[in-house]
Visitor: 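Have a look at this one.
Because the structure is a prediction, the values reported are computed rather than measured. For reference, positions follow the sequence shown, starting with 1. In what follows, every heavy atom counts, from backbone to side chain, and hydrogens, waters and symmetry copies are set aside. Remember, it's 1-based here, ligands and their atoms both numbered in the order they're listed.
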Amino acid sequence: MSKRVINFNPGPAALPLPVLEEIQEELLNYKGCGMSVLEISHRSDTFTSIIEDAEKRLRRLMGLNDDYTVLFLQGGASFQFAMIPMNLMHGDQVADYINTGTWSTKAIKEAQIQGKNVNVVASSEDKNFSYIPKDINFTRDAVYVHITSNNTIKGTQWAEFPDTGGVPIVSDMSSDILSRKIPVEKFGLIYAGAQKNLGPAGVTVVIIRKDLLELCADDLPTMLKYKTFAEKKSLFNTPPCFAIYVVQLVLKWLEETVGGVEKVEEINRQKAKILYDLIDSSDFYRGTAEPDSRSMMNVTFRLPTPELEAQFIEEAAANGLAGLKGHRSVGGCRASIYNATSLSAVQTLVDFMDSFAKKHR
Ligand SMILES: *Cc1c(COP(=O)(O)O)cnc(C)c1O
């Protein structure tokens, strides 16, 4: 492969090209400090300004006020499945969980392993997780309601967030953070592994409302407590410095080059629309998610036969369109079109899909 391809990988996923170029440019000597950003202390002024700038930009982009604490942690979103109930649920307190796919199922399991009082108030498992449940009866005194805002594998997304009667929502936003404007005030905790929409693998962003942070458990190992990282501004021990640096660059790109979340949301809506329009107008492709539950980030679809799907993925790759295979647990095809994927990249995919269908119908 002599040139870069269009990358539809689900995660780790495409990064903005200007960000990769900036990393390349300053990798050997970061802003004249004579060392690589890979080689400097996490306690240095240079790194302090990187992590502080990343936090400021994230706060501006998401509209976070001082009620929220921002943490840069390790362990991926999967680690949060365990850390959230460990910190937030005490004694026989109840938390509501909504099961919308693979990642929600794992989150539920991690709370149950700890013997926590988990109430699965809704699930779309009956239809292979092809929709987002509606009309849910929440537990009035639950400590939180856990949802997965975008289901990366099943290709569904919460278009609107549920009215929980004031119970804070805890959301896994790994695959749609900063892809659209959200009503932050509904959320008690937001978490996201960076490798889809924020940067590279290795750092997990956790945004926690301070009143919930205050209620977090104290009788836990130091490294498992949110309070440890909140008190030390994510620098209790060595953080994933390089990943945080790349996140800072991605946030700068989103703010300064793209023009912010409202702008990227507009582009994301157009991207998803042209793909779904093609799928809907075709008798060759079939979307797997119910239309009112479709994801703007992960577009899942089938072709008439598994053989054609294999051929589609192979021919697409030969044409410089990579990463279109569905998750190994569901098969089919999936185009992951996160913030870093441009409208013209998606148009190229749409054109390829159109001509593939005409050839093989
Ligand atoms: C990718 C993904 C995860 C897993 O993230 P890790 O960082 O690998 O633990 C969890 N939840 C969602 C919604 C994801 O898309």
Visitor: Under the ring pair (Phe, Tyr, Trp, His ring centres under 6.0 Å) rule, collect the residues that match up with Phe187, sequence neighbours excluded.
Guide: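 Applying ring pair (Phe, Tyr, Trp, His ring centres under 6.0 Å) to Phe187 gives Phe161.
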Visitor: Restricting to pairs with a member in residues 84-107, which pass salt bridge (charged side-chain N to carboxylate O under 4.0 Å, His left out), not counting sequence neighbours?
Guide: none
Visitor: Mind telling me whether Tyr144 and His146 have parallel, tilted or perpendicular rings, with 30° and 60° as the class edges?
Guide: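 Judged by the thresholds at 30° and 60°, the geometry between His146 and Tyr144 is perpendicular.
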Visitor: Give every residue pair that meets the salt bridge (charged side-chain N to carboxylate O under 4.0 Å, His left out) criterion with at least one member in residues 318-340, sequence neighbours excluded.
Guide: none
Visitor: Using a strict threshold of under 4.0 Å (side-chain N to carboxylate O), is an ion pair present between Glu265 and Arg269?
Guide: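 Result for this pair is yes, salt bridge flagged.
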Visitor: Does a salt bridge link Lys134 with Asp292, judged by any charged N lying under 4.0 Å from a carboxylate O?
Guide: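 Asp292 and Lys134: salt-bridged.
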Visitor: Residue by residue, ordered by chain and number, which ones reach under 4.0 Å of ligand 1 with a heavy atom?
Guide: Gly76, Ala77, Ser78, Phe81, Trp103, Thr148, Asn150, Thr152, Asp172, Ser174, Ser175, Gln195, Lys196
